[in-house]
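What follows is a set of notes on a single structure, which appears directly below.
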Amino acid sequence: MSSTAIMWFRNDLRLHDNPALIAALEHEQVIPLYIHAPEEAEPYAPGEASCWWLKQSLESLETALQEKFNLTLQIRSGSSLAAIQNLIDLHDVESVYWNRRYEPALRRVDENIKKMLNADGLQVKSFNGSLIFEPWEIENQQGDPYRVFTPFYKRAVQMPSLPLQQLPDRQVTTFVQVGSKNLTIADLFLTSTFRWYNKFEGQWAIGEDAAHDRLMEFVNDDISIYKDKRDRLADHATSRLSAHLHFGEISPRQILHVTQQYKHDQNERNDGAIEAFERQLFWRDFGHHLLYHYPQTQDDVFNQKYTNFPWQHDDELLQKWQRGETGIPLVDAGMRELWATGSMHNRARMIVASFLTKNLGLHWLDGARWFWNTLVDADLANNTLGWQWSAGCGADASPYYRIFNPVTQGQRFDANGDYIRRWLPELAHLPNKIIHAPWQASTNDRPSDKSDTLSPDYPEPIVDLAESRKLALERYGAWKDNA
Ligand code: FAD
C-alpha cells in the first residue's frame, strides 16, 4: 500500500504483537509518534514513579524502532489533536493507527480525535493491543457487563482469543523525514535528579526485551511454585510483569502464548500452577471491564450503598501510613517496600489498604492516590479495582467484615519475619515470635539491658488493632443496616 500512516504509540510501547503498528507498516511510509499530554489524562495524569518508568520505556522503544525499521520516533508534547494535525498537514498523511485506551478521560480524547480526523477525510483505525478481550466482548446471558469475577472468568476462558500478530518479514525501508520539530525524550522532563524514585535505578530492567526476559525467567524458574508461594511476602515468586503490562512492553496474549506452550511441554504436570497465574491476567481484564462499563468508579464507589460512607480524611494519620511509621510492622514494611522499589507485594497491598480504610477509617481515594503516584505499575483499572475491593465498596468486593489482621497475616505469610527484616532493619534483631507484634512482647522477650522499648527507633502502634477493628465493624455494620 502506498501513502503515509501515523502510528500513535501510547501504552503499547513494543514492536511485537502490536496490531496498530502492524497495520501501519502496510503503508509505504510510517511516522511513529509519541505525544506527552498529561493534562489530557486529568485527574489521572501519570504519577511520578510511572513517569520514571515511561522515560526508559520510551528510550527502549526509540532504539528498537531505529534498529529494526530505521524509523525515528517522533516526540511531541501538548494537545494530541494539534500534534497529529500538524504532522498530517506537513506529510500528506492518509491514515492514523492506535491501540485503544480505556481510562475515561483518555477514551474521550480518542473519540474526539477520531471524529475530527474522520471529518477531515482521514482513515482512523484502532485495535485491541493491551487486553485479552475487549471490555464489550464479554457479557452475561442478559447482555450486561459482569460484576462478579468468577462468572466473568468462566465466560472469558471459553472464548477464542486473538492469535498473536506477526511483524512483517520484509524489511520496512520507509522513513519520512519529519524535520526539526521533533523533541527528544529528555525534553519531556519526565524525571528530575533529586527525587526519591532515582533509587529505583538498577532495580528494574525496562523495555520490550526486558519484559520478555522477565517472562521467560519467571516461567522457567517460578511458575511451577506460583500457586503455593505467590502469597509469601518475602519470596519473589510472582512474575513482576505488571509495569511491563501497563506500559504495553508485553501483551497479555504474548504471555498466555508462552504459558500455554509451557503447559503443553509439561504434559499438564503442573497441578494447576499455570492456571493460577493465568487467572491473574483475567483479573486485569476484569478491572478494565469494570472501568470501561462503570467509568464513574475511578473516583466514586461501585456499590451505591456506600455513597457518603463516612471515611475520614486525616493528614497526620495518612502521612504516618505513607511513610511506613504506623508502628504495625507488616503495614510499615509494605509501605517502605513501595517507597524503596516502586512496587509492593500483592498481599501487602491488600493488608495496607485494609488497614488504611478499615482500621484507620480513612478514605480509599487517599490511599489510591498515594499508590497512583508511587507505584511503577500504577494502572487506573487495577488500582481502582484493588482499592474498592479492599474498602468493601467495589464490585465483587471483600466483605465489609473482612478486616486483615496484619499480625496473623504476618505470622502466616512471613513466618520467619524475613519481609519485616528486609524493610524494617530497626526490627531485625527481634525474635520471630514477636517481630509481627513487638508491643505484645512479654518481659522475658525484652533485651537483657532491661530497656523499656524493644526498638527505640520504631514507633508505638498508632491504633490498637483490636479496638479499631471493633469500631470499623460497628461503622460498616451500622451503615449496612441503614443504607
Ligand atoms: P502476578 O501475581 O505475577 O500476576 C500477573 C499479572 O496479573 C500482574 O502483572 C497484573 O497485571 C495482573 N494481576 C495480578 N493480580 C491482580 C489483581 N489483583 N488485579 C488486577 N490484575 C492483577 N496492579 C496493577 O497492575 N496496578 C495497580 O495500580 C495496582 N494497584 C493495586 C492496589 C491494591 C490496593 C491492590 C490490593 C492491588 C493492586 N494491584 C495493582 C494488583 C496487584 O497487586 C498487582 O498487579 C501485582 O501485585 C503485580 O505483581 P506481579 O506482576 O508480580 O503479579
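Note that these values count all heavy atoms, side chains included, but never hydrogens, waters or copies made by symmetry. Keep in mind the model is a prediction, meaning the values are calculated, not measured. Starting from 1, each residue takes its place in the sequence as its number. Each ligand, and each atom within it, is numbered from 1 in the order the structure gives.
At a 3.5 angstrom cut-off on N or O pairs, His345 does not count as close to ligand 1. Among the atoms of Trp283, none of the N or O lies under 3.5 angstrom from an N or O of ligand 1. Annotation: Ser390 places no N or O atom under 3.5 Å from an N or O atom of ligand 1; distance criterion only. Ligand 1 has no N or O atom lying under 3.5 Å from any N or O atom of Arg230, backbone or side chain. For ligand 1, the polar-atom distance check against Trp387 finds no nitrogen or oxygen pair separated by under 3.5 Å.
Residue contacts with ligand 1 leave out His246, since none of its heavy atoms falls under 4.0 Å from the ligand.
More than 12 heavy atoms of other residues, nucleotides or ligands lie within 6.0 Å of CZ in Arg195, so this atom counts as buried by the packing criterion.
Among Phe371, Trp321, Tyr197, Trp370, the single residue meeting the ring pair (Phe, Tyr, Trp, His ring centres under 6.0 Å) criterion with Trp339 is Trp370.
Of the possible polar contacts, one joining the Ser354 side chain to the Phe404 backbone as a donor-acceptor pair under 3.5 Å is found.
In terms of protein heavy atoms, atom 18 (N) of ligand 1 is closest to Asn346 OD1, 4.1 Å.
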Open item on the list: Would Asp414 and His436 count as a side chain to side chain contact (heavy atoms under 4.5 Å, CB included) here? Give the steps.
Closed with: CA-CA 9 Å; Asp414 183 37; His436 292 290; 3.4 Å; yes
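Distances from atom 20 (C) of ligand 1 to the heavy atoms of Ile351, Asp231, Asn382, Thr384 show the closest one on Asn382. Counting only non-hydrogen atoms, the option in Arg347, His236, Arg349, Gln388 that gets closest to atom 44 (C) of ligand 1 is Arg349. Summarising the contacts of atom 2 (O) of ligand 1 with Trp389, Tyr226, Phe371, the nearest heavy atom is found in Tyr226. For atom 26 (N) of ligand 1, the choice among Leu281, Asp377, Leu375, Asp222 with the nearest heavy atom turns out to be Asp377.
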